[in-house]
Amino acid sequence: MASMLEYIKIILQKVSFDRRLFEKELRKAIRMLMPAEVRRLRQWCYDNYGTIHLPVLNTCFARLSSLG
């Protein structure tokens with residue numbers, strides 16, 4: 001059985017064509033995951049979508065950056 005993090009990655013891949021859907025699903029994922037998983041998701045998002053969704057990533061992960 002896949003982990004929640006792996007499931008979220010699949011969802012984000014499927015909605016990556018649409019900025020608004022991507023942001024909506026990313027915000028939902030950040031709320032659902034444990035802090036360690038969010039850090040892994042953050043790295044994965046920047047690695048895979050940093051070029052096309054950089055403003056969304058910066059916005060969604062900005063609060064987390066300030067927390068450490």
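None of these values were measured; they are calculated from a predicted model.
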Within this structure, what is the NZ-CD1 distance for the pair K24 and I11, rounded to the nearest 0.5 Å?
11.5 Å

Spacing of L54 atom CG and T59 atom OG1 [to the nearest 0.5 Å]
9.0 Å

CD1 of I8 to CH2 of W44, rounded to nearest 0.5 Å, is 10.0 Å

Could you tell me whether the side chain of H53 reaches within less than 4.5 Å of the side chain of N48, counting heavy atoms only?
no

So which atom in C45 and which in L26 form the shortest heavy-atom distance, rounded to 0.1 Å?
SG-CD1, 4.0 Å

Hey, what's the ring geometry for Y46 with F61, parallel, tilted or perpendicular (30° and 60° as the breaks)?
tilted

Looking at R20 and E23, is any side-chain nitrogen of the basic one under 4.0 Å from a carboxylate oxygen of the acidic one?
no

With rounding to the nearest 0.5 Å, note down the distance linking CZ in F22 to SG in C60.
8.0 Å

Do the side chains of F17 and I52 get nearer than 4.5 Å, heavy atoms only?
no

Just by modelled atom types, is the M34 backbone N or O under 3.5 Å from a matching donor or acceptor in the E37 side chain?
yes

If I take atom NZ from residue K9 and atom OG from residue S3, how far apart are they, to the nearest 0.5 angstrom?
7.5 Å

Interatomic distance, CZ@R40 vs CD@E6, rounded to 0.5 Å, equals 7.0 Å

Distance-minimising heavy-atom pair for L33 and L5
CD1-CD1, 3.9 Å

